[in-house]
> 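Handing you a structure now.
Both ligands and their constituent atoms are indexed starting at 1 by order of listing. Both backbone and side-chain heavy atoms feed into the values below; hydrogens, waters and symmetry mates do not.
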Amino acid sequence: LSRVCWSRTRRAKEPPLEKGWPFFGVILDYGKNPLGFLQAAQQKYGDIFTCQLAGKYFTFITDPFSFSTVMRQGKNLDFHKFAMGFSQRVFGHADFTSPLFSESYREVHSLFRQTLQGPPLQQLSQNMLRNLQTAFQHCVPSANGWIEEGLQCFTTRIMFEAGFVTLFGKKAGLLQPEEIGAVGTCMQKAKRDFLAFDGAFPALAAGVPIALCRRAWRAREALAKGLLHGELYHRMCISDLIQRRMDAFDRMHLDETGKARTHVCMLWASQANTLPAAFWSLYYTLRTPAAFVAARKEVDLIMAQIPNDKPVSLSKEQLESMTVLESIIKEALRLSSASIMIRIANDDFILTLDSGQEAAIRKGDYIALYPRLIHLDPDIYPNPLEFKYDRFLDEDGQRRSQFFKNGRQLKHYLVPFGSGASECPGRFFAMNEIKQFLMLALWHCDLQLSEPDVTLSPDRTRAGLGILPPSQDVLLRYKARADRYTE
Ligand code: HEM
């Protein structure tokens, strides 16, 4: 009970404590504006402070030089307990930390690296590029004439379909013309269910049981139904990642719905951040004339190397050479990322920060890192709220990776994918797929924002959950690219 009352008092060597109201703590102020709240607390207390948030104690570490110190505390600070607890509650799969499953789950976890990185990444990205081209063909008419649609709708439709098919494959066999429409309808339904489920995440993260979010629960179960192994066996071109997860889960003798729910979890991980990241990347490109010109020039140069009559295929070197697109995506991620990295203290211990300051941490407390504080720090990024498409390029147009604070070079200057034990295993694939999406959009289409002066803000209710989506959609006008089709 002492945890939920405000009887907790600061002990020797513990960080400054913001207790707030009984039980609720400072959750209301924090929830209204997490960045503003943490910036103010940073001003008041410095690099480390503890806040009571709805009965739980979170110690925030705001100094970017101390990130590595926290990441190295694998023995004292646990990542999986928190992440798995949340995942199990939201997705409804088995408790993979239980002795029954933990050994086999280690094998499942190692599949992320084996299938999303290194040499397999090239094949996966190639498949994504092929599926993106199919998705673009579905939506970009060859005739002249502008189409108007929300930019978020446009991005989500193309990226969701291509990403889904790349991981989970497509219906086997040659489709009859009348079946093509039905497949499109299934994809639209999956996308709708995905968005309904994802929309409940702020409530779910705040602790509301999914059983109370009826729409989200129904959407999750509908997605799981489509991802039952009995359904997946009938699909072709399933990714190695999903195929090998299916084999592993079959060996673990989980029930069929439980297996399918783990696939919903994978679908969410692969899409929830990628969709808004792709949105912001295209949005900022279209809003910033210099970015648009530089990006299109880079795309046209690459496409000039590719035979006209074949589907586009890119080597690893060609993908890596698109440094302008990469800088645009990184800058969009910098401005829109709001993930929190959370660890749980396994024991009472002393954490020594980079400055040498020692802080006593209590067993069961949460340690939280909020990279948005780094991403919007004016010492590191001058005019931090401004989109500068070439911020991550040097004078020669090559990748820039040296950023400084107080004259000292930073290791962690851009952390949208987390770090340490929880670093996103799909980060290289994500960067590739967004790059490919931008490339095809700029190559196939003339695009413009219908109201270029409307400024969008991110939806802050999702702070802590990853890339913030826009708070509203914005109209896009697009048509088949005139200078390409009239050549
Ligand atoms: C985990 C960000 C795309 C697969 C994470 C985490 C972050 C993140 C911050 C760590 C969460 C935590 O600390 O609890 C992003 C962003 C993406 C992206 C910003 C796109 C812009 C992807 C894609 C995939 C993927 C495309 C797969 C195809 C995963 C998986 C985990 C994860 C499986 C959990 C890893 C684990 O349990 O150890 N992602 N992600 N992500 N991400 Fe991503």
> Say whether S422, considering both its backbone and side-chain N or O atoms, lies within less than 3.5 Å of an N or O atom on ligand 1.
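Looking only at distances, the answer is yes, because the N/O contact criterion of under 3.5 Å is met.
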
> Indicate whether the side chain of N346 and that of K81 have a donor and an acceptor atom separated by less than 3.5 Å.
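The answer is yes; a qualifying pair exists.
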
> Does atom CZ (R427) have a neighbourhood of more than 12 heavy atoms from anything else shown, all under 6.0 Å?
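Counting other residues, nucleotides and ligands, CZ of R427 exceeds 12 neighbours.
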
> So that I can tick it off, tell me whether D394 and R399 are bridged by a salt bridge, with the cut-off set at under 4.0 angstrom between side-chain N and carboxylate O.
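Salt bridge between R399 and D394, a charged N being under 4.0 Å from a carboxylate O: no.
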
> For S270, take its heavy atoms, then give the atoms of ligand 1 lying under 4.0 Å from any of them.
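So the answer, numbered in order with elements, is 23 (C), 24 (C), 26 (C), 27 (C), 28 (C).
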
> Counting only heavy atoms, tell me which of F112, F82, F79 gets closest to atom 14 (O) of ligand 1.
F79

> Could you tell me which atoms of ligand 1, counted from 1 in the order shown, lie closer than 4.0 angstrom to a heavy atom of A277?
21 (C)

> Give a yes/no on ligand 1: does G466 have at least one heavy atom closer than 4.0 angstrom to it?
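Flag not set, G466 not near ligand 1.
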
> Should you measure from each heavy atom of P416, which atoms of ligand 1 turn up under 4.0 Å away?
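With P416 as reference, the close atoms of ligand 1 come out as 2 (C), 9 (C), 19 (C).
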
> Which residue and non-hydrogen atom of the protein lie closest to atom 22 (C) of ligand 1, and at what distance in Å?
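For atom 22 (C) of ligand 1, the nearest protein heavy atom is A269 O, 3.5 Å.
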
> Should we say atom CZ of R113 is surrounded by more than 12 heavy atoms from elsewhere, each under 6.0 Å from it?
no

> Judged by modelled atom types alone, do T97 and S102 share a side-chain donor-acceptor pair under 3.5 Å?
no

> Are F91 and F197, when compared by the centres of their aromatic rings, separated by less than 6.0 Å?
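Centroid separation for F91 and F197: below 6.0 Å.
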
> Can you list the ligand 1 atoms lying under 4.0 Å from a non-hydrogen atom of T274?
3 (C), 20 (C), 26 (C)

> Please could you name the atoms of ligand 1 that E433 approaches to less than 4.0 Å, counting only its heavy atoms?
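Result: 26 (C).
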
> Side chains of I361 and D348: does their closest heavy-atom pair fall under 4.5 Å?
no

> Between H109 and ligand 1, find which residue part has any heavy-atom pair under 4.0 Å and reply side chain, backbone, both or neither.
side chain

> Distance under 4.0 Å to a non-hydrogen atom of I467: what atoms of ligand 1 satisfy this?
19 (C)

> Among all protein heavy atoms, pick the one closest to atom 31 (C) of ligand 1 and tell me residue, atom and distance.
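Answer for atom 31 (C) of ligand 1: P425 CD, 3.6 Å.
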
> Using a strict 4.0 Å cut-off to heavy atoms of G418, name the atoms of ligand 1 that fall inside it.
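Within the 4.0 Å cut-off of G418, ligand 1 contributes 9 (C).
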
> Just to confirm my output: which protein heavy-atom neighbour is closest to atom 41 (N) of ligand 1, and how far is it?
C424 SG, 3.0 Å

> Flag the pair Y284 / Y389 as yes when their ring centroid distance falls below 6.0 Å, and as no otherwise.
no

> Verify, without hydrogens or angle tests, whether S239 (side chain) and L167 (backbone) share a donor-acceptor contact under 3.5 angstrom.
yes

